[in-house]
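Read the numbers this way: they start at 1 and go in the same order the structure lists the ligands and their atoms.
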Amino acid sequence: MSKLQAIYLKDYKKPEFSIKDVELVFDLYEEETIVTNIMNIKKESDSAKEIVLDSIDLELKELWLNDVKLGESHYSYVDEKLTISDVPAAFRLKIINKIYPQNNTELEGLYKSGSIFCTQNEPEGFRRITPYLDRPDVMSVFRTTVIADRKKYPILLSNGNKTQCHDSFDERHGVTWFDPHPKPSYLFALVAGDLGSVNDEFTTASGEHVELNIYCDLGNESKCSHAMKSLKEAMTWDEEKYGREYDLEIYNIVAVDSFNMGAMENKGLNIFNSHYVLADEDTASDMNFMGIQSVIAHEYFHNWTGNRITCRDWFQLTLKEGLTVFRDQSFSADLNSREVQRIEDVKGLRERQFVEDASPTAHPIQPESYISMNNFYTSTVYEKGAEVIRMIHTLLGEENYRKATDLYFESFDGQAVTTNDFLWAMGEASKVNGEAREDALGYGIDLSAFELWYHQSGTPKIHVQEDYYNNTFTLSLTQKVPNAVDGSEQKPYFFPLKIALIDEDGNDILEKTLIVSKETEEFVFDDINTKPTLSVNRDFSAPIIIEQDDNDYSFLMKHDKNSFVRYESAQSFAVETLEAIMNGEEIDEEFVAAFGYLLDLDVDLSYKALLLELPTISTLMQRQKVIDFEPIYEAKEKLAKYLATTYKEKLLTLYTTNHKPLNQDIDSLSMGERALKNRSLRLLSALESDEIIDLVSKQYSSSLTMTDRVVALDILENITELLSEMALSDFYSKYRDDTLVMNKYFSTLSASEREGTLERVIALQDDEVYDEKVPNLVRSLIGVFARNYKHFHAKDGNGYKFLADKIIEIDTINPQMASGLCAAFKIYEKLNETNRMMMKGELERVVSTQSLSKNVYEIVSKILKIN
Ligand code: BES
Ligand code: ZN
């Protein structure tokens, strides 16, 4: 089948044509849209005779070459390619075609979200709008006119600055937009609708005024203020930290309800999933507020890392995404709690990326091939990509990193480049007169050795051995690098490893960033007068798995000054304790005592809430050779109950002192109080006593924040059927008209550990509020269920069957959503025999489905190791 052909990085060829500028006219109607596309095209290669334009499902009306209408003998349209033969060295090509946005359920190209026309063109959506050289290394200047019914679509938007309004016709009107910055087609955007907005302004460091607008459905304007505040914070931060200013007169953000992803950085016209824009104290949780701040910033930061400098081809995706995630993580760390941000980022990396990296879908942050590019917006490209940039930052140090990014922007502004170009800039800044510089760390930085991080997959394990003798501490490291998915051997990595040696009072004797580059390596520290404790991979300086022979988790969780290692030690100690329970051993009292110590700590409250969190099911599952969920759930329940019993009074005190039901503020202290008291409440809920249930019910009914309400709802759902039914129906009747809040309702039920969850999920599909065409709802009902290990992996196989049915069904509506749902099957190989065989049957059923999309085919065939 030709559509399943893989695309290879090694086959990259420069485009044979360039498009200097393009003029687009969109005539939007209720049934169809007429697109007029006029391109000034130039041959870039003498040998090129015909031009091949990308073009999916387009109804061609007219083709004109330099004002001569082309007959059908001059072009062919087959297999998503429009080929025009015998074209001159430079020409004007005019194409008129028809599309049907109202029928577009894939949500790629031009589509309708409710009554709003909007676009999503990354990576290859533009070819569903009009024929084009739809690849990121073709950059052109766009002028766009949007024409539509004046009443239904008073707001007409596209990229760049507004240049003209056309009011000459009665019922219809038009607006022309001009974007002076050349850009690839994936950054093109259009919006038309009857929208409300909030407006503000920003003055750049060089004194340019920028108009800021956030558009949303009418009535939601008051929920946009946090997003607006975040946008201004992001603009200021990029000026201060990277010296980057905004470059247009206007910055527009539009919130839509139907969106496959989180948000999109279209030049001057970001389009957002409303989940990442709309928030107020009554309907959004603290996590939602934080998410908005970081996603608004992320898309804003793309203006320089993605738009001004873009990717040469889609294999370079991490060039913009890894870097921009690193930038948004740094931004959030600067504005909020650095320690909490780091832990959350690492948690996310391990839950998603480590699982992917240990599966047959593992790939380098710069992949070598793909069938559907949509499948490569992965945790590996994004989150591991960000870790790779972070390591560069650590290796260079703040000052040289800034010099390096300045050089990157100077050298490549306006171009479509590769990760090697980026690494070149990083390397230049680490040199003095062409030689590797003795930098702040005291090492020359060999970025050519570092390059392996872009081309290898899998998470390296670093075995750590310590020896202390005669005042000398010796650290021996061995790298175990897993084989690639195809079985080939991979090389040891080059990375920074931040360590410290700690004395018995908890003080650092020394802290050092070691440069590790060989398979086995020894670091010797002299003049260490007492036996130290090792603190390793501080701040998670490299995305690796540490295996330690000796460890003193109890000491480190009490005394390490590095907030990350302290957290890590608490987690590791809990993991060890839980694994012992799973092996039939008694609960380790030393862990229980250390946990008690944490309860009394006087530290940042959000950080404390993290210290008190028991390891996730996923963490424990990843350590099993053969995955079996039951013992994990049992051990966790047992330990939680024991801790709650032992520390009931302390936990109650933590709860009552931090529970302020009327406080709706979202400053870090208020959020910290909520995080800590909710952590305490969750631990206490293991007691399942009337006293605790009473506290939870009170919190549900009296608290003014969504954070508190959702936590209470979730606890009730898991421990008391009767009260949860009451709370749930109360919640439903209050929020049934607010889909963003209803997502929380669906996900609470889908994540429930209570008996009968699958049956209720099945029934909820018939709820009036549920709509299979809205990605957020699918994610919160079906996607969340697929991560409910208890019920998804139920021994009767019904969870697998349900998900497989949904994937097959949703694939006909929205292949990108369907292949996203396949993620839950990635652990297939590691499952116990019973579950694995049942899952195999379902995966085989999916992959043999008639006219399956290439998106789903690619993922499932990799999981099953077909071909
Ligand atoms: N460029 C992406 C959006 C995108 C990805 C569009 C894939 C189409 C296909 C955007 O910058 C992005 O990365 N969005 C993330 C959120 C971000 C904060 C990590 C998303 O949508 O999940
Ligand atoms: Zn991005």
Side-chain angles (χ1 to χ4, degrees), residues 106-111 113 118-128 134 136 183-189 227 230-231 234 238 253-277 287-311 314-332 341 344-345 348-349 352-353 365 367 370 372-387 389 775-776 779 783 814-817 819-820 823 855:
E106 286 119 319
L107 315 185
E108 276 182 278
L110 180 65
Y111 67 94
S113 168
C118 62
T119 52
Q120 173 52 42
N121 293 324
E122 185 182 1
E124 296 178 337
F126 196 72
R127 59 189 66 185
R128 295 170 186 272
D134 190 13
K183 65 170 177 291
S185 49
Y186 84 87
L187 290 171
F188 171 82
S230 304
L231 174 60
D238 216 15
I253 292 175
V254 181
V256 300
D257 289 331
S258 289
F259 199 72
N260 278 340
M261 303 283 293
M264 178 63 208
E265 71 265 24
N266 317 302
K267 184 81 186 189
L269 177 54
N270 289 184
I271 298 180
F272 271 62
N273 186 321
S274 55
H275 176 76
Y276 286 113
V277 176
M287 212 175 66
N288 294 148
F289 280 103
M290 301 294 275
I292 289 169
Q293 188 188 47
S294 89
V295 179
I296 292 267
H298 178 98
E299 306 311 337
Y300 175 75
F301 296 154
H302 270 315
N303 191 52
W304 277 94
T305 51
N307 301 2
R308 297 280 297 233
I309 304 180
T310 194
C311 301
W314 290 118
F315 297 102
Q316 317 298 325
L317 182 62
T318 200
L319 172 83
K320 76 175 177 80
E321 295 301 346
L323 176 55
T324 304
V325 170
F326 174 67
R327 274 151 57 69
D328 83 55
Q329 291 177 350
S330 314
F331 164 79
S332 295
Q341 183 67 32
E344 296 286 5
D345 291 340
L349 181 82
R352 295 182 288 270
Q353 202 277 324
I365 65 169
Y370 60 78
S372 166
M373 186 53 212
N374 270 327
N375 285 332
F376 283 85
Y377 288 77
T378 60
S379 177
T380 297
V381 169
Y382 274 65
E383 296 171 77
K384 185 174 180 178
E387 292 300 321
I389 306 293
N776 288 354
R779 273 186 284 263
N814 184 336
Q816 198 183 342
M817 276 306 298
S819 81
N855 305 56

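If you number the atoms of ligand 1 from 1 as listed, the ones under 4.0 Å from a heavy atom of Met264 come out as 1 (N), 3 (C), 6 (C). If you number the atoms of ligand 1 from 1 as listed, the ones under 4.0 Å from a heavy atom of Val295 come out as 18 (C). Taking a cut-off of under 4.0 Å to the non-hydrogen atoms of Ala263, the atoms of ligand 1 that pass are 2 (C), 3 (C), 10 (C), 12 (C), 14 (N), 21 (O). Atom numbering of ligand 1 starts at 1 in the shown order; those under 4.0 Å from a heavy atom of Lys320 are 1 (N). Remark: ligand 1 atoms within the under-4.0 Å shell around heavy atoms of His302 are 11 (O). Listed by atom number, the atoms of ligand 1 under 4.0 Å from Glu265 heavy atoms are 1 (N), 2 (C), 10 (C), 11 (O).
Taking each of Glu299, Glu108, Glu124, Gln816 in turn, the one with a heavy atom nearest to atom 12 (C) of ligand 1 proves to be Glu299.
Glu299 and Tyr276 form no side-chain donor-acceptor contact under 3.5 Å, judged by distance and modelled atom types alone. Side-chain contact check for Ser258 and Tyr111: no donor-acceptor pair (N or O, by modelled atom type) lies under 3.5 Å. A donor atom on one side chain and an acceptor atom on the other are found under 3.5 Å apart for Asp257 and Ser274. Side-chain atoms of Thr305 and Thr324 form a donor-acceptor pair, as typed in the model, at a separation below 3.5 Å.
For the Zn ion (ligand 2), the N/O/S atoms of Glu265 include none lying under 2.8 Å.
Considering both main-chain and side-chain atoms, Gly262 comes within under 3.5 Å of ligand 1 through a nitrogen or oxygen pair. Backbone and side-chain nitrogen or oxygen atoms of Glu321 are examined, and one is located within less than 3.5 angstrom of a nitrogen or oxygen of ligand 1. Here's the thing with His298: one of its N/O atoms is less than 3.5 angstrom from an N/O atom of ligand 1.
From the protein, the heavy atom lying nearest to atom 7 (C) of ligand 1 is Tyr377 CD2, 2.9 Å. The protein atom (non-hydrogen) at minimum distance from atom 13 (O) of ligand 1 is Tyr382 OH, 2.7 Å. If you check which protein heavy atom lies closest to atom 6 (C) of ligand 1, you get Gln120 NE2, 3.2 Å.
Checked against the 6.0 Å centroid criterion, the rings of Phe315 and Phe376 do not qualify as a close aromatic pair.
Proximity of a side-chain donor or acceptor of Asn121 to a complementary backbone N or O of Leu187 within less than 3.5 Å is not detected. In this structure a side-chain-to-backbone donor-acceptor pair under 3.5 Å is present from Asn307 to Glu265.
Here the SG atom belonging to Cys311 is positioned 7.5 Å from the CD atom belonging to Glu321, to the nearest 0.5 angstrom.
Residue-level proximity to ligand 1 for Glu122 is carried by backbone and side chain together, each with a heavy atom below 4.0 angstrom.
Atom OE1 is the N, O or S atom of Glu321 at the shortest distance from the Zn ion (ligand 2).
With respect to Phe272, the side-chain contact (heavy atoms from CB on, under 4.5 Å) criterion is satisfied by exactly one of Val254, Ile296, Ile292: Ile296.
Minimum interatomic distance between Ile271 and Ala189 (heavy atoms only, all atoms of both residues): CD1-CB, 4.2 Å.
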